[in-house]
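A quick write-up on the structure given underneath.
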Amino acid sequence: MQAPVDYLLHLADNALVLGQRNAEWCGHGPILEEDIALSNNSLDLIGQARLLYQHAATLMGQGATEDTLAYFRDVPDFKNYTLCELPHLPLMSATACGDRDFATTIVRNFLYSSLMVLVWDRLQLSKDEQLAAIAAKSLKEVRYHLRHSRDWLVRLGDGTDESHQRAQAALDALMPYTSEFWVASAQEAAAQANGCGLDMAELRADWNTIVNAALQEATLQRPADSAFVPTGKQGVHSEHLGFMLAEMQSLARQHPGATW
Amino acid sequence: MTTTLTRAEQAWQLLEGLSDPEIPVITLRELGILREVREGAQGLEVVITPTYSGCPAMGQIEDDVRSTLAAAGLQAKVVTQLAPAWTTDWMTEAAREKLRAYGIAPPHACASEKTGSASVVQFAARSAKTEAVHCPQCGSINTTETSHFGSTACKALYRCLDCMEPFDYFKPY
């Protein structure tokens, strides 16, 4: 049994886009250890994306490769959560990326990895054997990402007045984007129907337990749920993804087929 | 009496001594990366399994496998196999001792990590406790974690509070 290609791309795009975002800290970390930590986190995410793209490319045939999928698709083709593509800034800051807010990075990594420990755990039982194998590896990695981001969330939230305020602002800005996790897209429904995916709504209670316990420890207030539902996984993105892809894809598009 | 080795046995002998590009004191076999050498439909196949998904050494390892065999006149296809997922539990006791002698604290067992949403939630609820890791230099248990992420994807940074030396800890995976 094989997972629908679009579902694999959804999982891969999440990992690639967040991996690219976190890599923006490479050389700019607030301290050397965090520079290394976020680069390591990116390396894992990009590694997961590569495995998923390779699997999708094999199923697609017709000359598709991990590189054509990562570098030669455009914004509407990407199926990642909008959450993953947002810049490391409190929102409403246009597309500028000159400044980075570490609290935003940490809160996003925490919200995402709290979800992915549950997703990868379930996908180990996927009827798509290759996807199940990728899930088993990714679960080991995302556990470390969750540990890292949760630890920092508590340090920031229960830290100084400024770190608390920044962590709370990041949480207020990013939490509404998590509503996208629970509304099934066509590719998720198709994957669930053929036994290769899962019912995301079933993960919601566990995700809430993980998130609420950490927020309480971090002395942060969870914002009320809003009616806003982002549509990134359906290919309708924020204005930020295009700028990110332009940077990420420019080299491959200027020199198609180039090798080291 | 001389025995004639099959091509696969010959290749295995050649590859057995191949060391990890990042940690040259241990071999790919000891790390559990080199899984199998077999005769496939299109000739010799060497099965390797990646450590971390994004480990940048994997490309180098493939090249090393190919060039080692090519030097002995053997052509082989390198097959990457993901399941069962690589784990540090496969590391032999001899390899752990070599790591320690090289200055890297060897990984603890990770067999206790169960799957299923209840245990995932339980794992997440634990605040990050640093593990008790022995200093590879002086053996002291009085050590502290500097960072979850170290010089490579597979290692964390630690510091010994007795001999004051920083060191790498190979993380359980």
Side-chain angles (χ1 to χ4, degrees), chain A residues 15 19 31-52 54-55 113-114 117-118 120-122 124-125 129-130 132-141 143-152 154 202-203 205-207 209-211 213-214 217 260, chain B residues 22 49-60 63 79-89 107 110-131 144-159 166 168-169 171-173:
Chain A
I31 51 173
L32 182 61
E33 286 78 5
E34 283 315 299
D35 200 301
I36 293 168
L38 290 167
S39 301
N40 263 301
N41 172 296
S42 285
L43 210 54
D44 289 341
L45 290 171
I46 293 168
Q48 293 164 12
R50 286 189 62 189
L51 295 175
L52 291 159
Q54 285 164 7
H55 183 33
S113 46
S114 298
V117 284
L118 296 166
W120 293 129
D121 182 58
R122 290 287 178 97
Q124 292 183 106
L125 305 173
E129 284 176 15
Q130 186 69 2
I134 295 169
K137 292 198 73 59
S138 302
L139 177 61
K140 289 165 179 266
E141 290 156 14
R143 279 169 176 261
Y144 280 112
H145 303 172
L146 177 58
R147 234 187 78 168
H148 173 259
S149 56
R150 189 189 194 281
D151 193 17
W152 269 107
V154 172
E202 275 182 15
L203 305 183
D206 285 338
W207 185 81
T209 305
I210 294 173
V211 168
E217 207 177 316
W260 292 103
Chain B
E22 278 287 345
T49 192
T51 55
Y52 282 71
S53 304
C55 179
M58 289 312 291
Q60 184 64 46
D63 289 349
V79 179
T80 301
Q81 178 184 293
L82 299 182
W86 178 78
T87 166
T88 45
D89 289 352
C110 57
S112 62
E113 284 174 10
K114 292 193 200 73
T115 56
S117 61
S119 65
V120 171
V121 171
Q122 206 179 16
F123 164 86
R126 276 204 315 260
S127 57
K129 284 198 191 67
T130 54
E131 295 156 87
T144 183
E145 188 182 68
T146 311
S147 176
H148 301 325
F149 298 92
S151 56
T152 63
C154 53
K155 288 178 277 177
L157 268 181
Y158 270 69
R159 186 162 50 101
D168 274 332
Y169 169 50
K171 291 185 282 192
Y173 180 96

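What you see is a predicted model, and the numbers here were worked out from it, not measured in a lab. Residue numbers start from 1 in every chain, and the chains themselves are labelled A, B, ... in the order their sequence lines are given, proteins ahead of strands.
- For a residue to count as touching a neighbouring chain, one of its non-hydrogen atoms must lie under 4.5 Å from one of that chain's; by this rule A:Ala37 touches chain B with backbone and side chain alike.
- To the nearest 0.5 angstrom, A:Gln54 atom CD is 8.0 Å from B:Thr80 atom OG1.
- B:Phe149 and A:Tyr144 have perpendicular rings, their planes meeting at more than 60° on a 0 to 90° scale where under 30° would count as parallel.
- With a 6.0 Å radius and a threshold of 12 heavy atoms from other residues, nucleotides or ligands, A:Glu129 has its CD atom at or below the threshold.
- Looking at every heavy atom in both residues, A:Ile36 comes nearest to B:Gly150 through CG2-O, 3.1 Å.
- Between A:Arg147 and B:Glu145 there is a salt bridge, with a side-chain nitrogen of the basic residue lying less than 4.0 Å from a carboxylate oxygen of the acidic one.
- For B:Glu22, the CD atom counts as loosely surrounded, since its 6.0 Å shell holds 12 or fewer non-hydrogen atoms of other residues, nucleotides or ligands.
- A:Ile46 does not touch chain B: none of its heavy atoms, backbone or side chain, sits under 4.5 Å away.
- Counting heavy atoms from C-beta on, the side chains of B:His148 and A:Asn40 never come closer than 4.5 Å.
- The two residues B:Ala85 and A:Lys140 have their closest heavy-atom pair at CB-CE, 4.1 Å.
- Looking at A:Val117, the atoms closer than 4.5 Å to chain B (heavy atoms on both sides) sit in the backbone and in the side chain alike.
- Scanning for side-chain contact (heavy atoms from CB on, under 4.5 Å) contacts around B:Ser151 gives B:Lys155, B:Asp168, with sequence neighbours left out.
- Of all heavy-atom pairs spanning A:Glu141 and B:Thr51, the tightest one is OE2-O, 4.4 Å.
- Considering CG of A:Leu32 and OG1 of B:Thr146, their distance stands at 11.0 Å, rounded to 0.5 Å.
- Per-residue heavy-atom pair counts under 4.5 Å with chain A were compared for B:Ser53, B:Pro50, B:Gly54, and the maximum is reached by B:Ser53.
- A donor-acceptor pair under 3.5 Å is absent between the side-chain atoms of A:Lys137 and the main chain of B:Ala83, judged by distance alone.
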